[in-house]
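Okay, structure first, notes after.
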Protein chains: 2
Amino acid sequence: MSGEIDAKPRRIRNISELAKLAGVSAGTVSRALAGKDLVNSQTRERIQALAREHGFRPNQMASRLRTGQTGVIGVVIPLGHEKKQHISDPFFMTMLGHLADGLTEVGYDLMLSRVIPSDGDDWLERIVDSGMLDGVVMIGQSDQFDTIERTAEVYRPLVVWGTRRSGQRHCVVGTDSFVGGELAVRHLLARGRRKLAFFGDTKGLEIEQRLAGSRSAIAQSGTGATLDIYPTHLSQQEMSEQIAADLDAMDPAIDGIFAASDVIAMGTLRLLHERGRKVPEDVAIVGFDDLPLATQTVPQLTTVRQDIAGGARTLVTSLLKRIAGDEVPSTVMTPTLVVRESA
Amino acid sequence: MSGEIDAKPRRIRNISELAKLAGVSAGTVSRALAGKDLVNSQTRERIQALAREHGFRPNQMASRLRTGQTGVIGVVIPLGHEKKQHISDPFFMTMLGHLADGLTEVGYDLMLSRVIPSDGDDWLERIVDSGMLDGVVMIGQSDQFDTIERTAEVYRPLVVWGTRRSGQRHCVVGTDSFVGGELAVRHLLARGRRKLAFFGDTKGLEIEQRLAGSRSAIAQSGTGATLDIYPTHLSQQEMSEQIAADLDAMDPAIDGIFAASDVIAMGTLRLLHERGRKVPEDVAIVGFDDLPLATQTVPQLTTVRQDIAGGARTLVTSLLKRIAGDEVPSTVMTPTLVVRESA
DNA sequence: GTGAAAGCGCTAACAG
DNA sequence: CTGTTAGCGCTTTCAC
């Protein structure tokens, strides 16, 4: 194995100490360790062996300062309009997981920033100007559209998961939330539901569009169906309490709920069950996202699917292109309806 | 807000450009921007204003190289014995969220590494020697006990979430899995269950101890209860398929299941429901972790609670102490049983 | 209170 | 193929 743990003189601290030991110059060591072929393969291997033996690895900080490449991508999760929302929100995490897969695959490290923008309006500038990052991907726009727009003006390697507004400058990849909303409500209507409710925090850009799509679907249907709006909180705890209260207060004739996320849908499912109301018989529920947990609920969730893995891949490739200096358009993906058991 | 976007000459690239602009030396700018009081408050404010106006921020990479402090903590998730396990595993994510809270609060950034140790046995050394980190916290030991032990020998600022073995060197904080296993099985026995099953991947150190605790509880009880072992996979997809197959194949007389994690329990709950078996009437289920989702299932999960938030806090404070050079003992937390509906 | 100068550890011309 | 040199951008003595 890594063996021979003897009374080594002392740890090698840098490239020139190793150079001295090897009887060569620092430059040569640098080249050898980088695996460059401009160096005699004999000495290269000798130096590499020496480095391994002494457990020496070049200081990345120095290397990165020198080359101007950090090898690090910042991943920022803006907890804009709701401070208590936890970073462990399943959607964020699923997206983060896929981003980590994609980014590490191409050799980048991830630097995580959990941002509460209320700390000031220069939070994004601070991140991109830190000199620590080759690029930034934001998971969600929260209510920070203007800040993002302003930063994107001067900082190219930035991509954002979220919704595209006409005329916007920053590069987003996301799902067409309006269409998603239509899909959900049309399905509810097709199931014969006419007294609908919308559960979601409309302060978020995407959620607002899901609601707009819902309204449009109702208008187009000519069914005269109604839609009541119930804003939810984003933190698990508050969300549950809010939904419970809403469920108790709302019109008992409500027979269809469009939850703006699977997490909301899941909580609603359970709270309905507690109240003895059957899903989908008494009230049908459609979620949004199609997170892995959508298949683990009882009943399984009917939901509007966003291709999160695909979105993450697109975020990564778009970012890489922008780092390389290319211009990249935004990507709007079309959601699909996944019909399971809840509606 | 940040206003006056005029034809600014060109962006300020570094501290000396700003110095020239301000008619002072680089040193003074550095001191001013760092808010040091060794500098005339007049000039300090003048320089700060100038920096703000030009949107200049000192390069962190350089600063950190110079000071030898990176301000970054590495968070590593070892996906040791099961490659397909996704970083979005709810336990990891919950822990990560709490770590992010605690670390950002004291001014550290997080660098995320998702590691598949099979890539070589020096993955931890590579991370630790990168020169990019002030410290490292690992979420879980996976099957990498020896590697961790070896690294901890020479690298002090390392703390690990996991299980403590007698005589180990590295600093862990975790829950007593053996006791947790006892708790779970005792509860099942107290509910009159005698034909038990254990669902979990015993290759992980912690899971192995949960199983050992289970066996011990049965032996102590003198009930003559039985315990069948069903190894599960760690990836959501494979786990579901595996559990489904196990459920179909297993002794129909099984009346109690101890799932080694809430995620496993949740999947089992649904699969049981699909097969028309009632929980807890036909078969009782106890989970492990007490993740937020444990309260969102139908029925709600009875589970062995780990204090994840408290654990994260302890990980952070232990790490900070070790960074400061202090010696810190491991922490073993005692799990508690949370009785809800599933058992 | 401020400037000058040295240097953190590494890499990349440029010679030879 | 290898050594020398000159920084990357910042911080920090040490003088003044």
Side-chain angles (χ1 to χ4, degrees), chain A residues 10-48 50-51 54-72 107 109 126 128-134, chain B residues 10-48 50-51 54-72 107 109 126 128-134:
Chain A
R10 69 196 180 301
R11 268 186 98 71
I12 303 283
R13 311 203 141 292
N14 57 41
I15 227 171
S16 15
E17 280 188 28
L18 186 60
K20 214 168 298 168
L21 220 96
V24 295
S25 76
T28 304
V29 172
S30 172
R31 289 184 276 250
L33 258 29
K36 293 253 208 309
D37 41 351
L38 312 83
V39 69
N40 186 311
S41 57
Q42 310 262 331
T43 47
R44 180 175 53 227
E45 270 155 38
R46 192 163 56 81
I47 291 170
Q48 284 177 346
L50 216 50
H54 289 256
F56 172 76
R57 278 177 200 74
N59 181 308
Q60 294 300 319
M61 214 68 158
S63 152
R64 287 165 178 192
L65 170 61
R66 176 61 231 244
T67 57
Q69 310 236 310
T70 69
V72 181
D109 290 322
R126 232 157 40 208
V128 302
D129 289 345
S130 69
M132 294 278 293
L133 306 173
D134 284 349
Chain B
R10 68 196 181 303
R11 269 185 97 71
I12 305 282
R13 310 205 141 293
N14 56 40
I15 227 170
S16 17
E17 281 188 27
L18 186 60
K20 215 167 299 170
L21 219 94
V24 295
S25 77
T28 304
V29 172
S30 172
R31 290 183 273 250
L33 260 27
K36 292 251 208 308
D37 41 351
L38 310 83
V39 72
N40 186 309
S41 57
Q42 310 262 330
T43 47
R44 180 175 53 228
E45 270 155 38
R46 191 163 56 80
I47 290 169
Q48 285 176 347
L50 215 51
H54 289 257
F56 172 76
R57 279 175 199 75
N59 181 308
Q60 294 301 319
M61 214 70 165
S63 151
R64 288 165 179 193
L65 169 61
R66 176 60 230 242
T67 57
Q69 309 238 310
T70 69
V72 181
D109 289 325
R126 235 163 29 211
V128 152
D129 291 344
S130 69
M132 295 278 294
L133 306 173
D134 285 349

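In what follows, every heavy atom counts, from backbone to side chain, and hydrogens, waters and symmetry copies are set aside.
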Minimum side-chain heavy-atom gap B:Gln60-A:Thr70 below 4.5 Å | no
Mind calculating the distance between CG (B:Leu33) and C1' (D:dG9) to the nearest angstrom?
-> 13 Å
Under 4.5 Å between any side-chain heavy atoms of A:Asn59 and A:Asn14, yes or no?
-> no
Euclidean distance, atom CZ of residue A:Arg46 to atom C1' of D:dT2 [Å, nearest integer] = 12 Å
Taking the side chain as every heavy atom from C-beta outward, state whether B:Met132 and A:Asp109 have any pair of such atoms under 4.5 Å apart.
-> no
Starting at CE of B:Met132 and ending at C1' of C:dC8, how long is that distance when rounded to a whole Å?
-> 15 Å
A:Val128 versus A:Leu133: any side-chain heavy-atom pair under 4.5 Å?
-> no
Round to a whole Å and report the spacing from CG of A:Asn40 to C1' of D:dG3.
-> 15 Å
Send over the distance from A:Lys20 NZ to C:dG9 C1', rounded to a whole Å.
-> 13 Å
Rounded interatomic separation in angstrom, taking CD from B:Gln69 and C1' from C:dG9 = 16 Å
Whole angstrom is fine here: how far is it from CG in B:Leu38 over to P in D:dT13?
-> 10 Å
Decide yes or no for B:Leu18 and B:Leu33: does some side-chain heavy atom of the first lie under 4.5 Å from some side-chain heavy atom of the second?
-> yes
Between A:Met61 and B:Val29, just flag the one whose closest nucleotide in DNA chain C comes earlier from the 5' side.
-> B:Val29
With a 4.5 Å heavy-atom cut-off, do B:Leu21 and B:His54 have their side chains touching?
-> yes
Between protein and nucleotides 10-16 of chain C, map the contacts as a letter string: B base, S sugar-phosphate only, - none, heavy atoms under 4.0 Å, written 5' to 3'.
-> BBBB---
